[in-house]
> 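Before we start, here is the structure in question, set down as structure tokens.
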There are 4 protein chains.
Amino acid sequence: MKVYRVNEFGSWDALRVREEALPEVGPGQVLVRVRASALNFRDILIVRGLLPYGPVAGMIPHSDGAGEIEAVGTGVRRFKVGDRVVSTFFPNWLGGRIPKHREQYMVEHDGWLAEYRVVSAEALSPMPDHLSFEEGATLPCAAVTAWSALGGVGPGDTVVTLGTGGVSIFAIQLAKLLGARVIATTSTDDKFDKLRQLGADNLINYKETPNWGQAVRDLTGGTGAERVIEVGGPATIAQSVQAVANGGQVSLVGALGNQGGDIDIMKLFYSQAAYKAIGVGSRSDMEEMNRVISLHKLHPVIDSVFDFADARAAYEQLDGRKVFGKVVIRH
Amino acid sequence: MKVYRVNEFGSWDALRVREEALPEVGPGQVLVRVRASALNFRDILIVRGLLPYGPVAGMIPHSDGAGEIEAVGTGVRRFKVGDRVVSTFFPNWLGGRIPKHREQYMVEHDGWLAEYRVVSAEALSPMPDHLSFEEGATLPCAAVTAWSALGGVGPGDTVVTLGTGGVSIFAIQLAKLLGARVIATTSTDDKFDKLRQLGADNLINYKETPNWGQAVRDLTGGTGAERVIEVGGPATIAQSVQAVANGGQVSLVGALGNQGGDIDIMKLFYSQAAYKAIGVGSRSDMEEMNRVISLHKLHPVIDSVFDFADARAAYEQLDGRKVFGKVVIRH
Amino acid sequence: MKVYRVNEFGSWDALRVREEALPEVGPGQVLVRVRASALNFRDILIVRGLLPYGPVAGMIPHSDGAGEIEAVGTGVRRFKVGDRVVSTFFPNWLGGRIPKHREQYMVEHDGWLAEYRVVSAEALSPMPDHLSFEEGATLPCAAVTAWSALGGVGPGDTVVTLGTGGVSIFAIQLAKLLGARVIATTSTDDKFDKLRQLGADNLINYKETPNWGQAVRDLTGGTGAERVIEVGGPATIAQSVQAVANGGQVSLVGALGNQGGDIDIMKLFYSQAAYKAIGVGSRSDMEEMNRVISLHKLHPVIDSVFDFADARAAYEQLDGRKVFGKVVIRH
Amino acid sequence: MKVYRVNEFGSWDALRVREEALPEVGPGQVLVRVRASALNFRDILIVRGLLPYGPVAGMIPHSDGAGEIEAVGTGVRRFKVGDRVVSTFFPNWLGGRIPKHREQYMVEHDGWLAEYRVVSAEALSPMPDHLSFEEGATLPCAAVTAWSALGGVGPGDTVVTLGTGGVSIFAIQLAKLLGARVIATTSTDDKFDKLRQLGADNLINYKETPNWGQAVRDLTGGTGAERVIEVGGPATIAQSVQAVANGGQVSLVGALGNQGGDIDIMKLFYSQAAYKAIGVGSRSDMEEMNRVISLHKLHPVIDSVFDFADARAAYEQLDGRKVFGKVVIRH
């Protein structure tokens with residue numbers, strides 16, 4: 001079978017394909033024929049050697065995979081041969097409280113950029129029936145992050161999203177299923193139509209309206225948004241503080257934009273809101289989300305699909321940041 | 001009857017007592033013989049003219065009052081003559097979602113530094129039976145703030161408190177009733193015994209251990225505290241970020257310490273915690289707290305009691321900041 | 001002004017209109033020009049003398065009213081002249097925990113079957129802007145009951161409703177806004193189209209399928225429904241137990257059907273579900289619901305509208321039970 | 001190694017010890033040297049052949065075991081050799097929503113009445129450090145059931161417990177850690193002292209006060225108890241309905257008492273409370289509970305300890321029902 005391993009860090013050249021023997025299935029394990037995997041910015045940071053905690057050289061990358069069960073070990077009741085499955089971002093966070101140490105792909109575990117993988121049956125979830133493998137592969141990181149970032153949102157609330165990356169697009173789609181109103185920001189009017197089709201109720205071009213926080217307040221009669229899905233970090237937090245309602249929440253998802261400085265903690269206090277760091281979620285979080293995705297037959301938005309042999313091109317596509325949805329590799 | 005009014009802002013001299021006629025009681029209203037009122041830093045900021053939003057000259061100060069019902073208007077079923085009551089911090093936030101505009105004493109309403117007050121019966125709550133008026137008067141602002149800041153804490157959690165002001169002392173007492181472990185910080189070992197008697201399980205002298213955030217981590221086996229009651233603002237937030245557990249919460253209560261600079265939003269993200277601004281609470285929040293205070297016969301900690309005629313001395317006592325608990329005026 | 005009062009109990013004749021003087025507005029009170037009121041089964045039970053706790057002879061009936069503010073007393077900030085408002089079911093349950101005694105119309109308070117009413121400003125909520133007075137008048141009892149009965153439902157859940165009374169119709173509409181799947185039962189296929197237009201995903205004729213609990217299980221792949229809005233009481237509880245999922249909830253709303261016997265408590269245990277009595281809700285509950293109704297421009301379903309002079313005909317219409325939505329009186 | 005297996009159902013004779021070979025440890029699995037196991041009424045029903053769903057002849061009984069890890073398979077990070085562990089009641093309910101099928105010991109899995117067991121590392125939780133193996137073995141069923149039955153209780157609430165079985169005793173201890181007031185009922189005054197030592201605030205002899213529901217109301221100023229831990233089923237439900245507060249909850253835990261008839265569903269409605277079936281809990285629920293047990297160094301109450309060879313005597317002890325706490329077997 002073919003697998004990619006990241007043998008050193010620093011450039012796309014680190015990504016190299018090799019031939020390996022098919023591993024055996026032990027008790028409690030399953031053999032997965034991987035059919036698709038999806039990329040996240042974390043994968044770019046890993047290959048570049050920029051992840052602040054330690055990925056391990058020589059491992060298989062990609063936290064997000066989807067495939068089919070080809071064999072089950074003794075004692076496995078959770079799946080049977082032929083079941084379609086997706087990976088979970090943290091293989092050991094199955095539910096409940098965050099474990100003291102969350103294990104990760106490329107740190108403790110080989111990932112999904114491979115033709116086959118043998119893993120514990122507990123590290124997988126059933127894939128929603130209506131999805132293709134390419135769609136299913138987008139769920140473990142970006143969709144679960146959006147789901148966790150929306151936790152507690154209900155109909156009557158207003159949600160603000162930033163840009164058209166994977167998390168933001170999922171946030172729009174899931175927020176609509178939660179009954180919320182969505183105000184989506186983007187850098188170009190060209191994307192307005194596609195965002196509207198996904199359910200965005202209001203659109204703001206943040207290049208033309210750099211003070212979009214105030215624009216959100218205006219659109220909400222002065223109240224502000226109950227939830228901001230903050231993916232920009234230092235570059236956007238000041239506007240998010242401006243946009244959020246008293247009693248609302250800014251979900252801190254990441255730092256796609258590095259420009260921008262520090263923030264006065266008293267501004268957070270006077271906003272009378274909460275600022276909550278989101279760290280993807282547990283297997284149970286993903287399964288709650290998948291119930292919703294299944295019932296409403298939600299289809300993830302895929303920016304582009306690359307062949308297994310062209311993994312490097314997929315990295316370059318995501319790294320260019322001009323994406324609308326997820327970048328996927330077909331295995 | 002005698003009342004204090006704040007006729008201008010800038011110095012303690014602004015606080016002047018005067019004689020006024022007793023107001024009449026209309027439908028839905030009650031006449032309260034005020035027996036005690038308590039001071040908060042907000043009152044100091046008001047008299048000094050430093051409150052960032054607008055107090056109105058000529059009004060009666062003090063958000064926190066306790067007294068006895070002397071007369072009830074038509075249609076009042078909530079209280080009867082002789083009932084002992086306490087004020088609520090926001091007279092129009094009775095429960096549920098934060099109202100678009102929260103009315104406040106010294107802004108829209110005359111406060112409690114008076115011998116008598118006529119108010120809507122809805123602006124009051126029953127005082128727990130086991131408390132004196134001096135004790136009851138401490139509840140509306142500091143105790144409710146501590147209660148809200150502890151929202152969601154349970155037995156099994158660790159709570160960190162800073163110093164010995166009113167909110168921090170209530171936070172220690174209430175955290176123990178919630179079953180939590182308390183790590184209390186203070187500036188001097190002299191207060192260790194009193195803090196232990198209130199229930200603190202561990203004590204840190206933050207002058208001797210300026211990196212007390214790490215000390216909290218060490219005391220919790222590396223996990224950190226599930227809740228930090230952050231009253232220091234810019235001066236202490238960096239240590240609070242260090243102290244809080246993944247998945248925990250720093251409750252932003254105020255800014256007693258003004259030294260210290262801005263904070264990198266990515267530090268908040270990497271802490272994987274939530275930073276939630278606390279704005280006292282509703283009447284319903286206070287009544288939930290009072291159930292607990294009543295069942296457990298909790299007694300608020302009073303730093304000092306001043307006579308009605310000596311209100312200015314009470315302000316000076318709180319302003320000196322060398323308090324252990326609440327400063328109260330007996331009417 | 002004209003008002004109806006219920007002078008004795010037992011027959012529709014008890015409902016008599018009379019001319020009374022306009023009451024005066026005191027501090028904290030408002031004068032409402034009532035424009036519409038809505039009927040609930042509780043009103044029928046009251047006039048018939050069948051309500052199990054004590055309505056008081058001589059009072060004005062109807063818990064549900066909508067109108068316009070014509071005058072405000074001193075100190076009223078919550079409303080101004082011209083505001084459109086609706087009543088709240090329990091005038092003294094403003095939010096938070098259920099008060100020890102919930103005051104009610106026809107027990108402690110005159111109700112809304114009148115041209116004018118003077119009440120405390122706290123007993124009213126703003127009416128959603130997009131509604132007519134007839135629509136607004138339907139909210140206080142039936143809609144809030146449906147809202148409370150749906151508490152905790154989210155997208156991914158399945159909700160079962162019984163019949164086409166006011167609560168059930170609101171439950172269908174609100175469940176869709178919460179993102180849920182709705183299985184609606186009714187006694188006749190004629191209503192299928194209208195129920196589908198309201199959002200019902202599946203329909204069951206409970207006359208043709210008396211074992212509809214099993215039909216719900218079949219429609220949910222054996223899982224059962226996460227929520228059953230149980231309005232039938234003894235007549236339908238056995239099927240509701242059959243329909244509900246492990247970990248789900250049957251919301252006990254009332255007892256429209258009196259036939260049927262007792263239930264074995266062990267059946268409730270083995271269903272591994274919760275059975276929760278719903279008692280309308282607080283003002284805060286109504287205001288949360290109204291945010292949702294306003295954002296989604298939900299229009300209540302009105303069965304029929306009667307003139308103020310024809311109140312008796314309205315009672316007869318509801319009593320006939322062949323309704324689809326709410327029976328309303330235009331004042 | 002020695003194991004007990006239940007070869008047929010109907011009498012204690014079915015419990016027979018035999019010698020078996022030590023099983024091998026596969027990937028993801030651990031070898032546990034079982035040091036103690038605890039009995040539940042479920043075990044009695046199983047051996048007697050009275051469990052309503054199907055236990056399988058030939059399996060090892062006991063859901064509750066504690067022991068030491070003697071060997072770990074490849075890939076196990078959750079435990080290392082020497083770790084002390086307890087079993088979880090449902091080996092496949094690790095957290096989150098109840099799985100469609102909860103696997104059980106004696107149904108899908110061999111249980112813990114054995115000297116050694118090889119199981120998935122996911123089926124175990126760390127044992128609190130301060131406990132003996134005999135104490136640890138009591139946690140998986142009775143303690144988790146009490147914990148789940150108390151879910152949502154806080155300081156300020158009143159909890160009612162019935163009798164001195166394992167669940168009720170744990171409910172008293174855990175309710176005190178949650179800050180609640182406890183009213184304990186029992187059949188004899190002899191047990192009053194021991195119950196008081198465990199933290200019970202009030203005691204009722206239910207033989208002398210058969211209408212103990214009213215006694216609970218009297219003790220709570222007419223309000224009733226916010227939570228009743230209902231272990232008696234048909235025999236006691238009528239009194240529990242009487243005891244529970246508006247807005248409170250009766251947790252339906254089981255049916256130790258079979259006498260008593262059906263209940264009118266309208267009585268449940270008029271109580272304005274919730275009746276929630278409790279089905280033990282997930283691994284995550286147990287781990288939340290164990291945090292609390294560890295922090296507060298709670299020690300389970302053990303009625304009696306039997307040697308591994310005397311398992312039958314342990315069954316007879318529990319079957320006699322004159323227990324105060326848990327019956328345990330030392331392996």
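Order of the sequence lines sets the chain letters (A, B, ...), proteins ahead of strands, with each chain counted from 1.
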> Measure Asn290(A) against the heavy atoms of chain C and call it side chain, backbone, both or neither at under 4.5 Å.
neither

> When heavy-atom pairs shorter than 4.5 Å are enumerated against chain A, which of Met289(C), Lys176(C), Arg181(C) gives the highest number?
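Top count of heavy-atom pairs under 4.5 Å with chain A: Arg181(C).
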
> Verify the neighbour count for atom CG of Asp218(A): are there more than 12 heavy atoms of other residues, nucleotides or ligands below 6.0 Å?
yes

> What's the separation between atom OG1 in Thr223(A) and atom CZ in Arg291(C), rounded to the nearest 0.5 Å?
8.5 Å

> Find the distance between CG (Leu295(A)) and OG1 (Thr220(C)) and round it off to the nearest 0.5 Å.
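So the gap between those two atoms works out to 11.5 Å.
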
> Under 3.5 Å, is there a donor-acceptor pair between the side chain of His296(A) and the main chain of Pro155(C)?
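Here the side-chain-to-backbone pair does not exist.
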
